[in-house]
Amino acid sequence: MYSMISIGTNPPAPPAHKPPVDEATLLHKQLLHGPFWHRIPAYRDITDEQFLDHRWQAKHSITNAPKLLAALQGLVSKAFLEDARQGFAHAPMSVRVSPYLLSLIDWSAPEDDPLRIQFIPLASHRLPDHPNLELDSLHERADAPVPGLTHRYIDKALFLPLDTCPVYCRFCTRSYAVGVDTEEVEKVPLGVNEERWRQAFAYIASRPELEDIVVSGGDAYNLRASQITLIGEALLALPNIRRIRYATKGPAVMPQKILSDHEWLDALTRIVDRGRTLHKEVVIHTHFNHPNEITGITEDAMNRLMERGITVRNQTVLQRRVNDSAATMKLLVKRLGHVNVHPYYVYLHDLVKGVEDLRTSLDTALAIEKQVRGTTAGFNTPTFVVDAPGGGGKRDAHSFEHYDRATGISVYTSPSVHEGTQYLYFDPIQPLAAETRARWASPPARAAMIEGALAAARARAR
Ligand SMILES: *Cc1c(COP(=O)(O)O)cnc(C)c1O
Ligand code: SF4
């Protein structure tokens with residue numbers, strides 16, 4: 001029983017201390033609702049019930065370039081279709097796009113659409129790869145004691161139990177392994193293989209310093225419920241393991257699964273609950289890149305996770321023309337907070353083959369970070385990081401030893417990972433001055449620029 005406490009009539013609002021804000025300008029709360037998929041001719045008759053069913057989404061996901069182009073017939077110009085056809089012919093990644101994603105693209109202006117840019121390459125936008133780029137730029141394989149287990153940092157490791165995803169992103173860092181072979185890349189096999197998993201668990205068990213396992217891939221969305229359980233139980237049973245993260249892009253590209261795949265969500269929830277009774281943290285790490293990826297369906301899905309006490313953190317990749325403006329990044333961060341997803345990292349784009357058009361400079365990242373910090377809670381403010389090429393691990397973008405905006409070369413060190421080693425990150429070359437671009441084109445001049453940057457960093461080192 002409780003009694004109503006009377007507080008009398010509401011007093012008038014105290015005088016304004018800040019300029020008034022029109023609620024209509026709070027864009028982060030304005031999520032897309034309703035049958036937005038009806039804009040796509042092929043989905044005009046698809047009901048809410050069908051569209052919200054993950055099985056329908058998975059079954060109708062488009063898995064090769066000809067089918068994708070066929071689905072776009074009539075929506076886009078012939079010139080755009082030809083451009084995309086040629087774009088796919090040279091792409092290092094497999095093709096897979098969910099109907100949900102396809103429905104969120106503005107097909108009246110596909111060239112500039114932030115989701116189109118992430119999933120559908122256009123040959124006309126292609127730029128030459130940076131001359132210092134390698135296929136596995138993060139050296140994940142070099143730090144792997146077991147195939148698909150990267151032990152780089154002292155107390156945490158990255159476990160790749162499978163090599164498939166609900167969608168394939170153009171910019172994937174793991175294009176060396178993820179998805180099926182393409183004309184450009186023959187993949188390292190990291191398929192579901194319980195024997196390989198057992199070896200990974202045995203290695204983890206043998207390393208008392210390991211406390212934290214990232215279960216990634218590929219993508220944990222594509223693990224069956226029984227596999228979520230097997231991996232979760234195996235890791236929770238190890239006394240040294242205190243934290244587990246299931247990494248999945250799923251919430252950003254197919255939130256329907258959280259709402260309709262009860263077996264999968266129940267399996268995950270059981271592992272989270274079991275972890276809680278053991279005082280171990282089990283969370284989801286996801287990957288939203290643009291505010292348009294967060295709809296009313298996402299909100300419903302994230303609410304479901306909230307009700308089950310499942311923490312969700314987000315890792316974004318900074319990409320040119322996708323989210324490389326302060327306004328977009330602020331909206332993304334606020335909208336993530338609104339649906340109870342914690343922005344954790346914003347990554348400078350790795351040096352990945354075939355996607356030079358997506359990279360931004362370090363300077364861009366630093367400028368955006370300055371604008372984002374202070375717009376919302378500190379715990380919802382992402383750290384901007386560079387994953388140092390060559391295996392240095394993630395570094396705070398601001399912590400460079402040296403950065404020359406003219407050459408685009410930055411130098412990092414990573415004393416907790418490899419004491420004494422210097423790591424280089426390179427801004428894209430195309431926006432640099434013509435004279436500097438010419439130096440990049442000449443191998444001796446390029447070597448001299450890099451040597452100069454390393455020497456300048458050493459001179460500053462304390
Ligand atoms: C990113 C990453 C981790 C986790 O790092 P956090 O900074 O704790 O998110 C672990 N291992 C590898 C190899 C990674 O790339
Ligand atoms: S979902 Fe993740 S692992 Fe899969 S293709 Fe996209 S970035 Fe790569």
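Both ligands and their constituent atoms are indexed starting at 1 by order of listing. Here the structure is a predicted model, which means the values were calculated and not measured. The figures that follow rest on heavy atoms only: side chains count, while hydrogens, waters and symmetry mates do not.
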Specify the protein heavy atom at minimum distance from atom 12 (C) of ligand 1: its residue, its atom name, and the distance to 0.1 Å. Tyr153 CE1, 3.6 Å
Looking only at side chains, do Thr316 and Asn314 share a donor and an acceptor under 3.5 Å apart? yes
Check ligand 1 against Tyr344 and write out every atom of the ligand that is under 4.0 Å from a heavy-atom position of the residue. 6 (P), 7 (O), 8 (O), 9 (O)
Walk me through whether Thr364 and Asp324 qualify under side chain to side chain donor-acceptor pair (under 3.5 Å). CA-CA 7 Å; Thr364 300; Asp324 65 334; 5.8 Å; no
Which ligand 2 atoms are under 4.0 Å away from a heavy-atom of Met93? 5 (S)
Would you mind checking if Arg243 and Asp155 are paired as a salt bridge, meaning a charged N to carboxylate O distance below 4.0 Å? yes
In the protein, what heavy atom is nearest to atom 13 (C) of ligand 1, and what distance, to one decimal place, separates them? Thr150 CG2, 3.6 Å
His151 ring center within less than 6.0 Å of Tyr203 ring center: yes
Charged N to carboxylate O below 4.0 Å: is that the case for Asp219 and Lys249? no
Record the part of Arg243 in heavy-atom contact with ligand 1 below 4.0 Å; permitted values are side chain, backbone, both and neither. neither
So how far is it from Ile450 CD1 to Gln422 CD, rounded to the nearest 0.5 Å? 12.0 Å
Determine, using heavy atoms of His285 and all atoms of ligand 1, whether some pair is separated by less than 4.0 Å. no
Measure centre to centre between the rings of Tyr347 and Phe384, then say whether the value is under 6.0 Å. no
What heavy-atom pair brings Leu348 and Ser361 nearest, and what distance separates the two atoms? CD1-O, 3.9 Å
The single option from Val355, Ile120, Val352, Val95 passing side-chain contact (heavy atoms from CB on, under 4.5 Å) against Arg170: Val355
Closest to atom 9 (O) of ligand 1 (judged by heavy-atom distance), picking from Lys156, Gln315, Arg245: Arg245
Give me the ring orientation class for Tyr100 and Phe51: parallel if the planes are under 30° apart, tilted from 30 to 60°, perpendicular past 60°. tilted
Going by the atom numbers of ligand 2, which of them fall below 4.0 Å from some non-hydrogen atom of Gly218? 3 (S)
With heavy-atom distances below 4.0 Å as the criterion, list the atoms of ligand 1 near Tyr345. 6 (P), 7 (O), 9 (O)
Taking 4.0 angstrom as the limit, do Arg85 and Glu82 come out as a salt bridge? yes
So, at under 2.8 Å, which protein N, O or S atoms would a careful student list around atom 6 (Fe) of ligand 2? Cys169 SG
Note the single closest protein heavy atom to atom 15 (O) of ligand 1, along with its residue, its atom name and the distance in Å. Lys394 NZ, 3.1 Å
